[in-house]
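Below: one structure, written as structure tokens.
No experiment lies behind these values; they were computed from the predicted model shown.
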Amino acid sequence: MLLLMLFLGLSPETWAQQGTQPHSIKIEGDITLGGLFPVHSRGPAGVPCGEIKREKGIHRMEAMLYALDQINSDPDLLPNITLGARILDTCSRDTYALEQSLTFVQALIQKDNSDVRCSNGEPPIIPKPERVVGVIGASGSSVSIMVANVLRLFAIPQISYASTAPELSDKSRYEFFSRVVPPDSYQAQAMVDIVKAMGWNYVSTLASEGNYGESGVDAFLQISREAGGLCIAQSIKIPREPKPGGFDKIIKRLMETSNARGVIIFANEDDIRRVLEAAKRANLTGHFLFVGSDSWGAKSSPILDQEDVAEGAVTILPKRASIDGFDNYFTSRSLENNRRNIWFAEYWEDDFKCKLTRAGIKYDLGRRKCTGEERIAQESQYEQEGKVQFVIDAVYVMAHALHSMHLDLCPGSMGVCEKMDPVEGSKLLQYIRSVNFNGSAGTGVMFNENGDAPGRYDIFQFQLSNTTNPGYRCIGQWTNYLRLNAEEMQWSGGDSAVPDSVCSFPCELGERKKMVKGVPCCWHCELCDGYQYQLDELNCDMCPFDMRPMPNRTGCRSTPIIKLEWSSPWAIIPVFLAVLGILATSGCIITFIRFNNSPIVRASGRELSYVLLTGIFLIYLITFLMIAEPSAPVCAFRRLLLGLGMCITYSAMLTKTNRIYRIFEQGKKAVTPPPFISPASQLIITFILIGVQLLGVFIWFGVVPPHTIIDYEEQHPPNPEFARGVLKCDMSDLALVLCLSYSIVLMVTCTVYAIKSRGVPETFNEAKPIGFTMYTTCIVWLAFVPIFFGTAQSTEKMFIQTTTLTVSMSLSATVSLGMLYIPKVYVIIFLPEQNVQKRKRSFKAVASAVTTQLSQKEDKQNGESKSSAIVPDRSQ
């Protein structure tokens, strides 16, 4: 067979010579089972085997011997048939295991010895190699895969007690492989469930190179992708033969994504131990949160002397129970009663830290000499290895399958009949897949169509700070779904709170997630700023125009509505001025009414004076309407009176200045008086001018009825906490200017006439006081314009503009009142002797006097001196 070339070029004769190997255990029996166990760890470069593995190697191997003893002593199982065994050491190395496993197929190789003769010419007597009907093992998945590829060629069924790689479920490639432990696809699902239950979403993975580690991590990655919500920071492979410093580099790589504290580890126990050692050297004790596969399980060897680094590690192990019968069996083993185990002496030395005197072995002076009287579990630590149950179950599966096969093929026979000599591997496989019995732990042992056992796991956590029961503690189970007792978990330092292993922490309220491209578990938190609120975890949205975000920005709330309050400093000053003005105006009106027929009152033009004082009163009154809470009636009166008071005042003043101007202009030309200078005419002219303002206001009422609005733009600063809606009348800045524009035209016209009348003698009427009034008023309103429009962008716009407008109007009213009427009231009340009738003069005399005085001024301007001057009489 060309395939034999793969078997290291060993010839059948060579295999025959290896029939009795010093590195195997031979148990005689009617039917022989093979056994593969990692009795030793992988050796350094060039050496196949390393140090002995007490738990994973010796415990498991002794479990097979124990199971054989139990089966052979059971009268109901395989009666009159003794099971034997050939047990080999794989040294935790797949290539070495392949060499060893060739022993199992020697009997199946057809050897042609016709040409071989002894020296006497007789044919040689070649011992018939034992025939192995089935193999128990191996432990590591990579070893099982290598061995399975050989055993399938010879139809030898194989039952593993620890190999969990999902790849072995592929019956098109490994049809003779079965296992009493669930595959890593179940284990990976359980580990994904554990990670999610702890709230982690960002983890790294570590895998030993080989089928077990790589396929386990692949299954974890695939399930996590399908489940969603879990991201892999890094996926690192541990080489079979790591270089010096290789594990330190692995820890350094893991720290590149330090937020991924959770590390999913599918690795053999040697690699696990070296990872923990490297983490300790890097002073990262307590940083990494390991989630270990069943290769870690509840073993003490991977964490020996690294307990502080492993604290909090969550591990998974196929559901098991401690087999009391095995404990009694194993603790009773000694050098005298266990000579069938060729590695037991080496275990004894390692377990009791002593040295036996053996031929060819140099005695170590640094160790005490073994007495042989030591006792396991009494003078050494002992804890049953986690896979012992499965080793026993695997042996019992073979026994039950052979028992059923014997009942079918050899009914009534008291031993192995011809139909079972030899045992046909393909038929035995059918019986293996059909077994269904309660195993050593009382749980059902059965296989699915892929030869896999059902998924049942115990979840452990290594708790170093647990003062009552330090060590591994069962914190949950997984049987198709996870049951985790979170309150029993304990982390580094005894903390019960689950540490974080997340790429990004949850955003605060009012913050949205800005996802990192390609990494769905990573994001940056961005505050929903300005007038935005958090619509969902990924988006912000603007609040409606009449609302502002809540303090935590999870929604919107109504913007507070404000108005100018009477208690505001912006209102107190205008109100104070208006009250003083109203009192002063009322005093003037009362005085004029009381002394209505006095010469000063009559000389000032009683009719227009009352009209003018009414306008001044209304100017003061508008302050209260501007500060009052806006409503439809208030807005209507604002429109009406805002321009009306000034219109009445300046219409009366314009009429007066126009009358004076026309009188003295007419006096230059003729002695006849100008038309429309009588009191009645003056009133009519004034009311016509006022009527224009009223007509414009009523047209405005008809086009846009007065109403209130809430302006949310006026006080809309960057900080929404200071946003306010301003309750105001529907009067824009432009509308306000238009409302006052007619009065301003009257004021400017009046000022023009005042300038033209500046040459009128000061003894004539009120020309000069009116002139000073208009000059001052113009200055007030020129100051008003930049203040009013310069604050259009201010958050205090409404307050500043209202105060500026009312104060400007009050000042202009005060100027008019102070220039025109306060002096008259003072004379009437305090200087009554001056309130007497003057000699009346005709218009002709007045005109002559004015003409003479104007001529004198012209003569002075031409440099001519006049010796005589005309002193005119005071006249109305």
Side-chain angles (χ1 to χ4, degrees), residues 574 577-578 580-581 584-585 588 600 603-605 608-609 611-620 622-623 642-665 682 685-686 689-690 693 737 739-790 803-827 850 853-854 857 861 874:
L577 293 177
L580 291 180
T585 305
C588 290
I600 288 182
S604 64
L608 282 182
S609 291
V611 172
L612 200 151
L613 287 170
T614 301
I616 293 174
F617 185 88
L618 292 178
I619 291 175
Y620 285 123
I622 194 64
T623 296
L642 182 61
L644 184 61
M646 292 181 63
C647 178
I648 293 173
T649 300
Y650 297 120
S651 293
M653 283 192 189
L654 177 59
T655 303
K656 277 194 171 190
T657 53
N658 176 265
R659 175 175 176 273
I660 295 172
Y661 175 75
R662 288 190 295 117
I663 288 175
F664 288 103
E665 281 296 313
Q682 297 294 293
I685 294 172
T686 301
L689 294 174
I690 295 172
Q693 173 75 20
V737 170
C739 186
L740 296 176
S741 60
Y742 181 65
S743 299
I744 293 173
V745 170
L746 294 176
M747 181 178 65
V748 172
T749 307
C750 187
T751 304
V752 171
Y753 275 109
I755 294 172
K756 288 185 175 184
S757 302
R758 68 184 182 280
V760 175
E762 60 182 10
T763 53
F764 285 94
N765 213 306
E766 298 169 316
K768 285 188 172 20
I770 290 176
F772 285 123
T773 298
M774 299 317 301
Y775 304 152
T776 307
T777 301
C778 287
I779 293 172
V780 169
W781 285 98
L782 285 174
F784 160 79
V785 171
I787 296 174
F788 186 87
F789 291 100
T803 301
T804 303
L805 177 63
T806 52
V807 168
S808 297
M809 295 184 72
S810 294
L811 288 177
S812 60
T814 302
V815 168
S816 300
L817 187 66
M819 290 285 188
L820 299 178
Y821 295 103
I822 295 299
K824 293 181 174 61
V825 171
Y826 179 80
V827 170
V850 170
Q853 198 167 55
L854 291 176
K857 289 183 179 181
Q861 291 172 0
R874 287 183 174 86

Are [X] and [Y] side-chain neighbours, meaning at least one heavy-atom pair lies under 4.5 Å?
X	Y	result
M774	T657	no
L577	T623	no
K656	S609	yes

How far does [atom1] of [X] sit from [atom2] of [Y], to the nearest 0.5 angstrom?
X	Y	atom1	atom2	result
I779	S812	CD1	OG	13.0 Å
T751	L654	OG1	CG	9.5 Å
L644	Y742	CG	OH	11.0 Å

- Task: Take C647 and L746, measure what side chain to side chain contact (heavy atoms under 4.5 Å, CB included) needs, and give me the verdict at the end.
- Result: CA-CA 7 Å; C647 178; L746 294 176; 3.9 Å; yes
Over all atoms of both residues, closest heavy-atom pair of [X] and [Y]:
X	Y	answer
G643	S743	O-OG, 3.1 Å
K824	L820	NZ-O, 3.0 Å
I616	T649	N-OG1, 3.3 Å

Which residues pass the side chain to side chain contact (heavy atoms under 4.5 Å, CB included) test with [X], sequence neighbours left out?
X	value
L811	V780, V807
L805	M626, L642, L736, L740, W781, F784, M809
L580	F576
V745	T749

With S816 as partner, the option from T773, T776, I619 fulfilling side chain to side chain contact (heavy atoms under 4.5 Å, CB included) is T773
| task | Identify which one of F617, Y650, Y821 satisfies the side chain to side chain contact (heavy atoms under 4.5 Å, CB included) criterion when paired with L612. | result |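 Filter result, single survivor: Y821.
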Does L817 form a side chain to side chain contact (heavy atoms under 4.5 Å, CB included) with L613? I'd like the steps, not just the answer.
CA-CA 8 Å; L817 187 66; L613 287 170; 3.7 Å; yes
query = Within the distance-only criterion (no hydrogens, no angle test), does the side chain of Y753 pair as donor or acceptor with the backbone N or O of M653 below 3.5 angstrom?
reply =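 No; zero donor-acceptor contacts below 3.5 Å.
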For T655, the side-chain hydrogen bond (donor to acceptor under 3.5 Å, both in side chains) test, sequence neighbours excluded, returns T686
Sorted by chain and residue number, the side-chain hydrogen bond (donor to acceptor under 3.5 Å, both in side chains) partners of T814 (sequence neighbours excluded) come out as Y620
